[in-house]
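Remarks on the structure that follows.
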Amino acid sequence: MEFDEVVLGRRSIRGYKSDPVPKDVIREIVALATRAPSSMNTQPWHLHVVTGEALDRIRAGNTERNLAGVPASREIRMHGPYEGKHRQRQKDIAAQLFEAMDIEWSDKERRRDWVMRGFRQFDAPVSIVITFDAELTDNDIAIFDCGAVVNCLVNAAWSRGLGCVINGQGIMQSPVVREHAQIPDNEVIMSCVAMGYPADDFAANDVVSTRRPVDEVVSFVGYADEREARA
Ligand SMILES: Cc1cc2nc3c(=O)[nH]c(=O)nc-3n(C[C@H](O)[C@H](O)[C@H](O)COP(=O)(O)O)c2cc1C
């Protein structure tokens, strides 16, 4: 695939075939993903690929704790609920997904079911838990580096016919993930990525999320036409 085709075609996948993802395919994707740049080439990331019974135990543990009302325990700092324009964008993508899935906003049961699917990592056959070296805790650059590798990972997967969703929900109960993904003590859990072959008949997989227009995101400084406009 051409770069544009990958970047413009990729979208988050939340419905998967049960087909396993061969280790060699994952190795190829990880080899591409880890070409991501990192601060001074420190490459602080680790990718723990979890499948089968270990992943089922994570799903079960996440479900049980969330149903029991156990508060989230992530290993990274979190903001509170989004507000203002960020909250609006969060609501917009939720509305797109619910419309695709035919879930009415008033239908609390189906909305809850959707949230629980997220805690089950959307029943994907594979979850990749991203961690970074614990000696870099409180170092925001390591978090930035993890973002770079994850972006590369989801695009590399797409280029090989696989779908992903970055899944913050999946690591909200980090002790469960730490135990069953066998994360060593000297690593911090950053996030996880659900991965697998996209299901053909899952409407949310077709949702194309919106983006702010380029001219709202970018500011140009020092260009001749900008100087002329100010003169
Ligand atoms: C840090 C991060 C955490 C995310 N966590 C979740 C999640 O828990 N559940 C979910 O359905 N999507 C999650 N997403 C996916 C975003 O909702 C998605 O990337 C965004 O809406 C843009 O859609 P697209 O990926 O289809 O372009 C997460 C994305 C990021 C970057």
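Note that the coordinates shown come from a computational prediction; the quantities given were computed from them, not determined experimentally. Throughout, numbering of the chain's residues begins at 1 and tracks the sequence. Start at 1 and go down the list; that is how both ligands and their atoms are numbered.
Remark: the backbone N or O of Ser39 is paired with a side-chain donor or acceptor of Asp145 at under 3.5 angstrom. Within the 3.5 Å criterion, the main-chain N or O of Ile103 finds no donor-acceptor partner in the side chain of Asp107.
Counting heavy atoms closer than 4.0 Å to ligand 1, residue Ser209 contributes side-chain atoms (C-beta onward) but none from N, CA, C or O. No part of Val208 comes within 4.0 Å of ligand 1, judged by heavy-atom distances. Only side-chain heavy atoms of Arg211 come within less than 4.0 Å of ligand 1; its backbone N, CA, C and O stay farther off.
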Step by step, work out the salt bridge (charged side-chain N to carboxylate O under 4.0 Å, His left out) result for Arg178 and Glu75. CA-CA 10 Å; Arg178 183 164 279 286; Glu75 298 182 0; 2.9 Å; yes
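The shortest N/O to N/O separation between Phe122 and ligand 1 does not fall below 3.5 Å. For ligand 1, the polar-atom distance check against Ile166 finds a nitrogen or oxygen pair separated by under 3.5 Å. Backbone and side-chain nitrogen or oxygen atoms of Arg11 are examined, and none is located within less than 3.5 angstrom of a nitrogen or oxygen of ligand 1.
Salt bridge status for Arg110 with Asp113: absent, with no side-chain N to carboxylate O gap under 4.0 Å.
Aromatic pair Phe119/Trp114: centroids not less than 6.0 angstrom apart.
In the candidate list Gln90, Arg14, Gln96, Arg14 is nearest to atom 17 (O) of ligand 1, counting heavy atoms.
Residues Glu104 and Arg111 come closest through the heavy atom pair O-CG, 4.3 Å.
Looking only at heavy atoms of the protein, atom 19 (O) of ligand 1 is closest to Ser12 OG, 3.5 Å. Nearest protein heavy-atom neighbour of atom 5 (N) of ligand 1: Gly168 N, 2.9 Å. In terms of protein heavy-atom proximity, atom 8 (O) of ligand 1 is nearest to Gln169 N, 2.9 Å.
Within ligand 1, counting atoms from 1 as listed, the ones closer than 4.0 Å to a heavy atom of Ile93 are 21 (O).
Note that the CZ atom of Arg89 and the OG1 atom of Thr210 stand 8.5 Å from one another [nearest 0.5 Å].
Ligand 1 has no atom lying under 4.0 Å from any heavy atom of Arg117.
The closest side-chain heavy-atom distance from Tyr16 to Pro125 is below 4.5 Å.
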